[in-house]
Amino acid sequence: MNMEIFDYLKEMAVQHGPSGHEYEVAEWFRQKFEPLCDSVIIDRVYNVIACKKATIPTRDGSPAPRVMLAAHQDEIALMVSDILPDGTLRMGNVGGVDPRILPASTVTVHAREAKGGYQKLLGVVGALPPHLMSAADGNRNYQREELFVDLGLPAEEVRELVQIGDLITLNGPATKLLNDRCASKTMDDRACVAVLLEAAERLQRMGHMCDIYFVATSQEEVSCAGATVAAYTIEPDLGVALDVSHATLPSSRPDTTIPLDAPAVTVGPYLQHKLVNRMRDTARAHGIKLNAEIAARYTWTDTDAMQISRCGVPMVLIDVPLKYMHTSVELLDTNVIRESGRLLAHFLNELDEGWDSELWS
């Protein structure tokens, strides 16, 4: 395929897009989808909605079924919650940033400029060192309220540049590892937007009788609001959500993780079981390894919002395994991105007339 996965991941990691502030990364994704789709828009909540119209007409002339594919583009972040007398900054959460990963890391403070833009200030996250702690304090984890961002600037200058509520993003450039592995921030979930782009590229040479809506959703990390809006707008007949899931670690329980080397499909009450079986059949027919994930109730992904949109949407959830979720070194196997895109393209290519006739029987 044309898309170079690592080049994509390298560019992806530097796009600004915390939840609710996805305008920069949304424009970047708009440009990625434009050569591959018939139309691309950015809606009022920064969803990127790219439509690829059906290339095969239905035999009876009925409208093409609408399929919504969703992967979220927003990233976890922090925000300035207080400016201390010495000019250091306290941090609040935008999404789920674990305070245990923060000490000794570097961050970027997006300070506002007079012209309405943002000035990027590099800072380090500091904390009281163990040497100055009591024995009891030294034996517990840091709390976010105990950490601070040091910009290395005089307090007066910090107050001129920084305001309460300014965003703070983690720094974590894409780094190549051995065995086709890569580590980076924002793999959750922009790696799955790469799956959408991979599928869109493959569908340039494959027919499909459905109208396909590739959606890079906003605000998933805080509310799934983007998926809620997009699903209401598109009113899909079928939905496929793509998100990362926890890959196996030395200390993890087998029932809580999936192997790193292949995508998985989720089974649970929010997922349409006959469509899940169809996805499995597609994987088997094309020699694609596909593991299984279990979600007893919520999936905690865009699936949950899409499935109950309007009159309801039958859903499938594809999982890309990821180590070290919600850190600046999220790690995956780049081959899984490629295989997930191949799986999705074949699934859409083989979605034939009458695909839904047995879903509810």
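Note that these values count all heavy atoms, side chains included, but never hydrogens, waters or copies made by symmetry. All values reported here derive from a predicted model rather than from experimental measurement.
- Between Val215 and Leu69, the closest side-chain pair of non-hydrogen atoms is not below 4.5 Å.
- No side-chain donor-acceptor contact under 3.5 Å links Glu11 and Gln15.
- The list of ring pair (Phe, Tyr, Trp, His ring centres under 6.0 Å) pairs with a residue in residues 308-346, not counting sequence neighbours, reads His286-His346.
- Lys10 pairs by the side-chain hydrogen bond (donor to acceptor under 3.5 Å, both in side chains) definition with nothing, not counting sequence neighbours.
- Considering only residues two or more places apart in sequence or on other chains, His110 meets the ring pair (Phe, Tyr, Trp, His ring centres under 6.0 Å) condition with His16.
- Within the structure, every pair that satisfies the ring pair (Phe, Tyr, Trp, His ring centres under 6.0 Å) test and touches residues 247-285, not counting sequence neighbours, is listed here: Tyr270-Tyr298.
- Put simply, Val244 and Leu271 are part of the same group of oily side chains (I, L, V, M, F, W, Y) that touch within less than 4.5 Å, one to the next.
- Using a 4.5 Å heavy-atom threshold, the side chains of Asp189 and Thr217 count as separate.
- The two residues Thr58 and Pro63 make their nearest non-hydrogen contact at CG2-O, 4.3 Å.
- Side-chain atoms of Gln272 come within 3.5 Å of backbone N or O of Lys274 as a donor-acceptor pair.
- Using a 4.0 Å cut-off between charged nitrogen and carboxylate oxygen, Asp333 and Arg181 count as a salt-bridge pair.
- Under the 4.5 Å side-chain heavy-atom criterion for ILVMFWY residues, no single connected hydrophobic cluster contains both Tyr8 and Leu177.
- The side-chain heavy atoms of Ser39 and Cys51, taken from C-beta on, include a pair separated by under 4.5 Å.
- Residues forming a side-chain hydrogen bond (donor to acceptor under 3.5 Å, both in side chains) with Asp7 (at least two apart in sequence, or on another chain): none.
- Atom OG1 in Thr282 sits 9.5 Å away from atom CG in Asn349 (nearest 0.5 Å).
- Between Lys52 and Leu36 the shortest side-chain heavy-atom distance does not fall below 4.5 Å.
- Among residues two or more places apart in sequence or in another chain, the side-chain hydrogen bond (donor to acceptor under 3.5 Å, both in side chains) test is passed with Arg278 by Asp352.
- The shortest distance between side-chain heavy atoms of Phe214 and Leu203 falls below 4.5 Å.
- Within the 3.5 Å criterion, the main-chain N or O of Trp300 finds a donor-acceptor partner in the side chain of Asp304.
- Side-chain N/O atoms of Ser245 and Glu293 include a donor and acceptor closer than 3.5 Å.
- Between the side chain of Asp74 and the backbone N or O of Pro18 there is no donor-acceptor pair closer than 3.5 Å.
- For the residue pair Gln204 and Pro35, the shortest heavy atom distance occurs at NE2-O, 3.7 Å.
- In this structure, the side chains of Leu78 and Leu167 stay at 4.5 Å or more apart for every pair of heavy atoms.
- Side-chain atoms of Glu22 come within 3.5 Å of backbone atoms of Gly20 as a donor-acceptor pair (strictly under, hydrogens ignored).
- At a threshold of 4.0 Å, the pair Lys185-Glu75 counts as salt-bridged, since one of the basic side-chain nitrogens sits closer than that to a carboxylate oxygen.
- Not a single donor-acceptor pair under 3.5 Å links the side chain of Gln307 to the backbone N or O of Met315.
- A donor-acceptor contact closer than 3.5 angstrom is absent between the side chains of Thr301 and Asp243.
- At least one donor-acceptor pair under 3.5 Å links the side chain of Glu146 to the backbone N or O of Gln143.
- The hydrophobic cluster of Ile308 has no other members, since no ILVMFWY side-chain heavy atom comes under 4.5 Å of it.
- Using a 4.5 Å cut-off on side-chain heavy atoms (C-beta onward), Glu330 and Ser184 make no contact.
- A search for side-chain hydrogen bond (donor to acceptor under 3.5 Å, both in side chains) contacts involving Trp355 returns nothing, not counting sequence neighbours.
- Side-chain heavy atoms closer than 4.5 Å link hydrophobic residues (I, L, V, M, F, W, Y) into clusters, and following such links, possibly through other members, connects Val316 to Leu290.
- Residue pairs meeting the ring pair (Phe, Tyr, Trp, His ring centres under 6.0 Å) criterion with at least one partner in residues 35-55, sequence neighbours excluded, are Tyr23-Tyr46.
- The backbone N or O of Val45 lies less than 3.5 Å from a partner atom in the side chain of Ser218, making a donor-acceptor pair.
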Anything under 3.5 Å between a donor and an acceptor, one on a side chain of residues 148-164, the other on a protein residue two or more places apart or in another chain? List them.
unit_1	atom_1	unit_2	atom_2	d
Asp150	OD1	Gly152	N	2.8
Arg159	NH2	Leu84	O	3.3
Arg159	NH2	Pro85	O	3.1

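- If you check the side chains of Thr106 and Asn171, you find a donor sitting under 3.5 Å from an acceptor.
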Which pairs would a plain distance check flag for residues 257-264, meaning a side-chain donor or acceptor within less than 3.5 Å of a matching protein atom at least two apart in sequence or in another chain?
unit_1	atom_1	unit_2	atom_2	d
Thr257	OG1	Thr248	OG1	3.4
Asp261	OD1	Lys289	NZ	3.4
Asp261	OD2	Lys289	NZ	2.9

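- Taking the side chain as every heavy atom from C-beta outward, Arg90 and Val80 never approach each other to under 4.5 Å.
- Side-chain atoms of Thr303 do not come within 3.5 Å of backbone N or O of Thr299 as any donor-acceptor pair.
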Please list every donor-acceptor pair under 3.5 Å in which a side-chain atom of residues 229-238 meets a protein atom from a residue at least two apart or in another chain.
unit_1	atom_1	unit_2	atom_2	d
Thr233	OG1	Val229	O	2.9
Asp237	OD2	Arg66	N	2.7

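- The CG atom of Leu242 sits 11.0 Å away from the CD1 atom of Ile337 when rounded to the nearest 0.5 Å.
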